[in-house]
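Below, chain A is the first sequence line, B the second, and so on; all start at residue 1.
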There are 2 protein chains.
Amino acid sequence: MLATEFKQAITAADRVLVQIRTAIVEGDIPAGTKISEPELARRYDLSRAPLREALARLERCHLIERTPNAGARVVKLSIEGLRSLYQLREELEGLACRLAAEHMTEQDIAEVRALLDQHLSTQRVREGESYYQEAGDVDFHYRVILGSKNPYLINILSDELYFLVRMYRVQLGMNGPRVSRAFDEHKAIINAIANRDGELADLLMRRHIAASRRNIEQQLLQQGTSHD
Amino acid sequence: MLATEFKQAITAADRVLVQIRTAIVEGDIPAGTKISEPELARRYDLSRAPLREALARLERCHLIERTPNAGARVVKLSIEGLRSLYQLREELEGLACRLAAEHMTEQDIAEVRALLDQHLSTQRVREGESYYQEAGDVDFHYRVILGSKNPYLINILSDELYFLVRMYRVQLGMNGPRVSRAFDEHKAIINAIANRDGELADLLMRRHIAASRRNIEQQLLQQGTSHD
DNA sequence: TTTTTTATAATTGTCGACAATCCAATGCTT
DNA sequence: AAGCATTGGATTGTCGACAATTATAAAAAA
């Protein structure tokens, strides 16, 4: 066996977790839907045991809300929820930036820069397709988070909060000039990290996230007032 | 039915979760122990289904570490772990203080002050018994965290990080003059919150937590060098 | 008509058994 | 004797069925 391939057994619970998770994030299972264990078990063709394991993890990342003996519902997107979530995100990713400026190696930084260049080229090709921007943005933030080298911080941000963040972004979308500006902001952040200026990276990251929040907030307000 | 009593069915998984969790935090199940599902099922006299649910939640609050198809182990306490954990705690509870200064009602604040007075009297009676100090401290921090009124922040701190924090504190203990100083620091923090001075409350809380960390660090170092 | 009660149905929580996977010890080959 | 394949034991993952609880809706009483 090669040294590169870790033998982590992919279990049925893992598979169905990924399936349901993306279904919720992408909106295939609409927000607010009641979750029925027997129905999902039939739909994904497995027993309830691994399904419940998957549901437990979905609850962990705030994509569903469970009440004992009463079932689970897909979380609803709201302005208050968005603000609470992004309040935390600003703080945590700001911290991640300060730590990344301290702990990232030169090679780590070089890799992120290569990543950004790659994003730029693919974005020029696929102009306007927001999905690639979405994936690229997540990827950039993920790298910085890993760069903090704090396992608890990494766990909270990438395993718990980020799927909900993606849900807001996918369902309410990035639009307008933000898509193109994000690249420059990413560049500025990695530059600050490369200069080992944690405070600046922190500040830039907070502004970056705050701008993103305002963008989604507007979408939420427009959507809320238009057809209701 | 009265309006005060929420009908949340206590399930078997909840019970065994509390039992095992306290057993780990108090050290009855030593750090680093291999977890055997059949053994624990016999010991707590229930099936493996609710036990696995409990283990999943224990993993969530970082008290055990699982690898698929290979079982789970109780987490080991280490200096690096402590630093990573408290780094996050400083940041998050600092944020909690800023938000609490903004969102706590006058009544909330009055209740916390009553709590502190109560702690002071019980501490005078039970001088030296660190357990009460431990419980009182947790209680104080818990109140401030709730005062932030940010559900995600509350969840992360009180449901995920705090049991591990307690494990460090219970197993490595509070000692010396810190026990008595903590009261004054708590007082200062709630005063700052009452004055709606979030920045000061933030600063004081960070110092408070940093002091606690240094205290536990020393215990860890002494223990590590003495009998090894 | 409104409220309370009751019974039915569906859902969740739990159980014991089976299947798949991994760890350790043993025996075989070089 | 050292390294590697193999087998045995134990553990985890999964399944289908049962028990307990809750929500729904119909029926009875105010």
Across all chains, not counting sequence neighbours, the salt bridge (Lys or Arg N to Asp or Glu O under 4.0 Å) partners of A:Arg43 are A:Glu39
Anything under 3.5 Å between a donor and an acceptor, one on a side chain of residues 10-20 of chain B, the other on a protein residue two or more places apart or in another chain? List them.
from, atom 1, to, atom 2, distance (Å)
B:Thr11, OG1, B:Ala13, N, 3.4
B:Asp14, OD1, B:Arg57, NH1, 2.9
B:Asp14, OD2, B:Thr11, N, 3.3

Once ring-ring contact (aromatic ring centres under 6.0 Å, His included) is applied, do any residues pair with B:Tyr152, and if so which ones, sequence neighbours excluded?
A:His62
Whole angstrom is fine here: how far is it from CD in B:Glu39 over to C1' in D:dT12?
15 Å
When every nucleotide of nucleotides 11-17 of chain C is labelled 5' to 3' by its protein contacts under 4.0 Å (heavy atoms), B for base, S for sugar-phosphate only, - for none, what sequence of letters results?
-BBBB--
Nearest-angstrom distance from the residue atom CZ of B:Arg42 to P of D:dA10
11 Å
Checking B:Asp45 now: which residues fulfil side-chain contact (heavy atoms from CB on, under 4.5 Å) with it, not counting sequence neighbours?
none
Please name all residues satisfying side-chain contact (heavy atoms from CB on, under 4.5 Å) with B:Arg98, sequence neighbours left out, ordered by chain then number.
A:Glu91, B:Leu95, B:Asp202, B:Arg206
